[in-house]
Asker: 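Quick one: this structure, given as structure tokens, is what I'll be asking you about.
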Amino acid sequence: MRELIMVRYGEIYLKGLNRPYFQNLLLSRVKNAVKPFGGQTVLHDSRIYVRGMTDVEACIQALTRVFGVHSVCPAIEMGKDDFEAICQQALHLMEGLEGTFKVYARRADKRYPMDSPMINAQLGGYILSRRPDLRVDIRTPDHALNVEIRDYAYLYVRVYPGPGGMPVGSNGRAALLLSGGIDSPVAGYMIAKRGVSLCAVHFHSFPYTGERSKQKVLDLARILSGYCGGMRVYVVPFTELQMRIHEQCPEDYTTLIMRRYMMRIAQRIAQKERAQALITGESIGQVASQTMSALACTDQVVAGPVFRPLIGFDKSEIIAYAERIGTYETSCLPYEDCCTVFTPRHPVTQPKPDKTEQAEQKMGDVEALMEAAVENAEVIDL
Ligand code: ATP
Ligand code: MG
């Protein structure tokens with residue numbers, strides 16, 4: 001008899017002939033997540049078994065953050081021939097639980113002498129005879145006592161939902177424009193959940209934005225990397241370019257032009273990182289730079305796709321998501337952001353493409369500034 005963790009996966013079932021590829025990638029992500037806790041990881045029978053870990057609860061926590069995981073169950077693995085012993089173990093698992101329960105038996109080994117209804121009845125009867133405080137409810141039980149008969153017998157009650165999605169790395173790579181706000185970490189999470197590995201680009205305007213606001217962004221990146229198994233962050237010095245925009249462009253266009261330069265620089269970093277797309281936390285109409293016209297004007301300077309997974313989300317929906325993934329509290333820390341420092345009083349909501357371009361041309365040669373921003377970016381591997 002031993003404790004183990006059973007990891008079940010979801011959508012990669014659908015992948016037909018490519019299934020082994022997705023399974024093995026998920027296996028390597030799971031291995032990575034359980035590494036701090038020791039233990040062996042084996043793919044068998046369309047699930048992943050983790051055995052011999054030092055800290056079961058911490059290991060479960062880590063596994064519920066791996067994209068591609070459907071659910072995580074701490075289970076007992078034991079010989080299947082002694083049914084009395086199985087009943088005793090099941091009774092042990094139900095210790096401390098109250099209310100109603102139902103036994104769910106699954107007999108994968110068809111040679112096993114008892115069929116599923118028989119296991120349900122006998123095991124249910126055994127528990128009831130020793131725990132008169134419990135009741136059976138077959139429709140909406142408080143607890144599901146699962147018994148699977150495979151090479152061994154597996155018993156479990158607790159089931160923790162995983163995040164779903166696809167294993168990171170199965171769908172290419174993208175660069176996330178990561179601010180210290182609420183939106184961009186959620187946007188990054190959503191795309192990473194679909195199997196995309198991330199690098200992050202943060203624009204830092206020292207001394208207008210200080211060390212603490214940079215630390216806040218790195219903390220957000222660290223929370224994200226708990227889900228996607230590591231992340232490289234570029235902290236781009238943006239002050240000079242921002243000052244130039246501030247001094248030389250019409251005030252109402254400064255935010256928009258700043259966003260266009262962010263996209264241009266992010267694109268260059270994406271190229272270095274072999275990232276095929278950019279990700280932002282924008283949503284239609286949230287602020288002046290996110291009207292349809294402004295988004296279109298921003299997109300004009302980018303060649304590849306820009307993913308904006310929050311495009312149709314209300315702020316309240318984004319906040320709920322941020323709370324769920326654990327970034328909200330950090331995002332709410334009150335440190336200044338480079339956008340807020342230079343915000344114009346009346347930003348343009350219906351920018352004209354030709355006026356935008358003229359304004360940029362008047363800035364003169366900023367190529368050297370852009371190059372310096374990319375070259376002097378601080379690279380931090382989390
Ligand atoms: P908030 O929650 O305050 O809206 P935000 O991160 O969405 O935070 P916005 O001003 O709405 O801030 O910016 C829109 C998008 O532009 C962000 O989601 C992010 O992708 C990108 N962005 C803004 N500022 C930065 C920055 N300093 N560095 C990198 N990306 C940024
Ligand atoms: Mg926003």
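Because the structure is predicted, anything quoted here is derived from the model rather than measured. Counting starts at 1 for both ligands and their atoms, following the listed order.
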Asker: So is Q286 polar-close to ligand 1, meaning N/O to N/O under 3.5 Å?
Answerer: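 Yes.
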Asker: Testing the 3.5 Å rule here: is there a donor-acceptor pair between the side chains of R135 and T100?
Answerer: no
Asker: Looking at F22, does the NZ or CZ of R19 lie under 6.0 angstrom from its six-membered ring centre and within 45 degrees of the ring axis?
Answerer: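 No, R19 does not lie over the aromatic ring of F22.
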Asker: If we only count N/O pairs under 3.5 Å, is L177 in contact with ligand 1?
Answerer: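 Indeed, backbone or side chain, L177 has an N or O that close.
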Asker: Please classify the L176 to ligand 1 contact at 4.0 Å (heavy-atom distances, strictly less than): side chain, backbone, both or neither.
Answerer: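 Contact part for L176 vs ligand 1: neither.
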Asker: Report yes if some N/O of V287 lies less than 3.5 Å from some N/O of ligand 1; otherwise report no.
Answerer: no
Asker: Just going by heavy-atom distances, which of T209, D183, V236, T298 is nearest to atom 4 (O) of ligand 1?
Answerer: D183
Asker: Given side chain to side chain donor-acceptor pair (under 3.5 Å), test T349 with T291 step by step and report yes or no.
Answerer: CA-CA 6 Å; T349 54; T291 61; 5.9 Å; no
Asker: Under the 6.0 Å and 45° cation-pi test, does R106 pair with Y104?
Answerer: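 Negative - R106 is either too far from the ring of Y104 or too far off its axis.
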Asker: Which of the atoms of ligand 1 are close to G281, meaning less than 4.0 Å from one of its heavy atoms?
Answerer: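 Reading through ligand 1 atom by atom, the close ones are 17 (C), 18 (O), 20 (O).
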Asker: Side chains of E77 and Y49: do they bring a donor and an acceptor to under 3.5 Å?
Answerer: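 Checked: E77/Y49 side chains show no N/O donor-acceptor pair below 3.5 Å.
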Asker: Considering residues, nucleotides and ligands other than R274, do more than 12 of their heavy atoms fall under 6.0 Å from its CZ?
Answerer: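 No - once you tally the heavy atoms of other residues, nucleotides and ligands closer than 6.0 Å, there are 12 at most.
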Asker: Against heavy atoms of Q290, which atoms of ligand 1 measure under 4.0 Å?
Answerer: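 Near Q290, meaning under 4.0 Å from one of its heavy atoms, ligand 1 has 9 (P), 11 (O), 13 (O), 14 (C).
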Asker: Against heavy atoms of T280, which atoms of ligand 1 measure under 4.0 Å?
Answerer: 20 (O)
Asker: Which of the atoms in ligand 1, numbered in the order shown and given with their element, are less than 4.0 Å from a heavy-atom of V201?
Answerer: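 Atoms satisfying the 4.0 Å criterion: 29 (C).
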Asker: Side chain, backbone, both or neither: which part of K315 has a heavy atom under 4.0 Å from ligand 1?
Answerer: side chain
Asker: Going by distance only, is there an N or O of I279 that falls short of 3.5 Å from an N or O of ligand 1?
Answerer: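 No: no nitrogen or oxygen of I279 is under 3.5 Å from one in ligand 1.
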Asker: Yes or no on side chain to side chain donor-acceptor pair (under 3.5 Å) for D354 and Q358, after CA distance, side-chain angles and deciding distance?
Answerer: CA-CA 6 Å; D354 47 344; Q358 275 163 20; 5.1 Å; no
Asker: Heavy-atom distances under 4.0 Å are what count here, so tell me which part of H204 touches ligand 1: side chain, backbone, both or neither.
Answerer: neither
Asker: Can you classify the ring geometry of F67 versus Y189 as parallel (below 30°), tilted (30 to 60°) or perpendicular (above 60°)?
Answerer: perpendicular
